[in-house]
Student: 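Below you'll find the structure I mean.
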Amino acid sequence: VIDYPFTKYKSCLMDIYFIKECRFYIGVSSGVFDVANLFQKPILLTNSAATIPSPPYRKGDRSIFKHVKMKRLKRFLSIQERIQLFSERKIEHDEYGLSENTPDEIKDLVEEYLDDPTAKDSTDLQRKWAIESKRVLLNKHKYLSYNTELGPITMQRATAIDHVAAGIVGKKFIEQNYYYSSMNSPM
């Protein structure tokens, strides 16, 4: 194991080289994520911070997203609740907090990819989420189109990404969080 960030070899060019040579990219949707997309590497996104995250771009790519905790309810929302509340715009940003994925959730995502790299065995729940999230995102774009603070290029970019996204949410993650959040203590 090489602790690359703390070596004398750490550089922007080496960062790009490692992404070009990697078997798959695992990380967050930051600038480096776009480099992995340019090299058409399989992508595993963790800690997606959007309340209703867009699916990853390409078929076979996967994502898991941060957990949303409602402050007034003092509990985490299930994915189903997130879809409902955010699609109806019944929640404001100051009413919730985000929690990062657990190490086990990230490990499960990686194991899922290694077992089925093309994601040909997607579940009914994964497909259901894809349909529901697309519906919410389409409504979001209609709503945002009335927001004059966003420039037209920002809106076109966001709309294009959401319309072509073909990836899925991690299988185990959605099974453990769709109807009930795994972050809540069992009753």
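Any value given below was found using the heavy atoms of this structure, including those in side chains, with hydrogens, waters and symmetry copies removed. Owing to the predicted nature of the structure, the values given are computational and were not obtained by experimental measurement.
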Student: Once you round to the nearest 0.5 Å, how far does OH of Tyr178 lie from CD of Glu132?
Tutor: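 Here the rounded value is 5.5 Å.
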
Student: Are the side chain of Glu112 and the backbone N or O of Gly170 linked by a donor-acceptor pair below 3.5 Å?
Tutor: no

Student: Find out if a path of hydrophobic residues (ILVMFWY) with successive side-chain heavy-atom gaps under 4.5 Å connects Tyr9 to Leu13.
Tutor: no

Student: Taking the side chain as every heavy atom from C-beta outward, state whether Asp15 and Val32 have any pair of such atoms under 4.5 Å apart.
Tutor: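 Contact flag for Asp15/Val32 side chains = no.
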
Student: Heavy-atom count around Lys59 NZ within 6.0 Å, excluding the residue itself: above 12?
Tutor: no

Student: Taking only residues two or more places apart in sequence, or in another chain, which ones meet Asp115 in a side chain to side chain donor-acceptor pair (under 3.5 Å)?
Tutor: none

Student: Where is the tightest heavy-atom contact between Ser48 and Ser63, given as atom of each residue plus distance?
Tutor: OG-CB, 4.4 Å

Student: When clusters are formed by joining ILVMFWY residues with side-chain heavy atoms under 4.5 Å apart, either directly or through shared neighbours, do Tyr25 and Leu38 land in the same one?
Tutor: no

Student: Hey, what do you get for OH (Tyr113) to CD1 (Ile43), rounding to the nearest 0.5 Å?
Tutor: 10.5 Å

Student: Mind checking the OG-NZ spacing from Ser99 to Lys69? Nearest 0.5 Å is all I need.
Tutor: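 Answer rounded to 0.5 Å: 7.0 Å.
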
Student: Using a strict threshold of under 4.0 Å (side-chain N to carboxylate O), is an ion pair present between Glu111 and Lys107?
Tutor: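 Yes, charged N to carboxylate O under 4.0 Å.
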
Student: Taking all heavy atoms of Asn47 and all of Glu100, pick out the closest pair and write down the distance.
Tutor: OD1-CA, 3.0 Å

Student: Distance-only, no hydrogens or angles: does the Gln84 side chain make a donor-acceptor pair with backbone N or O of Glu81 under 3.5 Å?
Tutor: no

Student: With Glu95, which of Lys74, Lys71, Arg72 fulfils salt bridge (charged side-chain N to carboxylate O under 4.0 Å, His left out)?
Tutor: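 Only one option passes, and that is Arg72.
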
Student: Is there a side-chain contact between His67 and Ser182 in this structure, where contact means two heavy atoms from C-beta onward sitting under 4.5 Å apart?
Tutor: yes

Student: Tell me, do Ile64 and Leu45 make a side-chain contact under 4.5 Å, heavy atoms counted?
Tutor: no

Student: NZ/Lys128 to CD/Gln80 distance, rounded to the nearest 0.5 angstrom?
Tutor: 5.5 Å

Student: Can you find a heavy atom in the side chain of Phe65 that is under 4.5 Å from one in the side chain of Ile79?
Tutor: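 Yes; the side chains approach each other to less than 4.5 Å.
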
Student: Looking at Cys22, is its backbone amide N or carbonyl O close enough to the side chain of Lys41 to form a donor-acceptor pair, meaning the two atoms are under 3.5 Å apart?
Tutor: yes

Student: Under 4.5 Å between any side-chain heavy atoms of Ile174 and Ile168, yes or no?
Tutor: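 The answer is no, as the side chains (C-beta and beyond) never meet within the 4.5 Å cut-off.
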
Student: Would you give the length of the straight line joining atom CG of Asn37 to atom CG of Asp61, rounded to the nearest 0.5 angstrom?
Tutor: 7.0 Å

Student: Which ILVMFWY residues are connected to Phe76, directly or by a chain of links, through side-chain heavy atoms under 4.5 Å apart?
Tutor: Met183

Student: Could you check if a side-chain atom of Arg62 sits within less than 4.5 angstrom of a side-chain atom of Phe173, using non-hydrogen atoms only?
Tutor: no

Student: Do Leu98 and Val68 have side chains that approach each other closer than 4.5 Å (heavy atoms only, starting at C-beta)?
Tutor: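 Yes; the side chains approach each other to less than 4.5 Å.
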
Student: Kindly indicate whether the side chain of Tyr179, heavy atoms from C-beta on, has any atom under 4.5 Å from the side chain of Leu125.
Tutor: yes

Student: Lys172 and salt bridge (charged side-chain N to carboxylate O under 4.0 Å, His left out): which partner among Asp108, Asp116, Asp104?
Tutor: Asp108

Student: List in chain and number order the residues that pass ring pair (Phe, Tyr, Trp, His ring centres under 6.0 Å) with Phe18, two or more places apart in sequence or in another chain; answer none if no residue qualifies.
Tutor: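 For Phe18, the residues satisfying ring pair (Phe, Tyr, Trp, His ring centres under 6.0 Å) (neighbours in sequence not counted) are Tyr4.
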
Student: Check whether more than 12 heavy atoms from other residues, nucleotides or ligands sit under 6.0 Å from atom OH of Tyr17, and answer yes or no.
Tutor: no

Student: Which pair of heavy atoms, one from Val28 and one from Thr46, lies closest together, and at what distance?
Tutor: CG1-O, 3.4 Å

Student: Give me the atom names and distance for the closest heavy-atom approach of Lys66 to Asn101.
Tutor: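 Nearest heavy atoms, Lys66 then Asn101: N-ND2, 4.3 Å.
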
Student: Between atom CG of Leu44 and atom CZ of Phe24, what is the distance when rounded to the nearest 0.5 Å?
Tutor: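 Reported to 0.5 Å precision, the distance equals 5.5 Å.
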
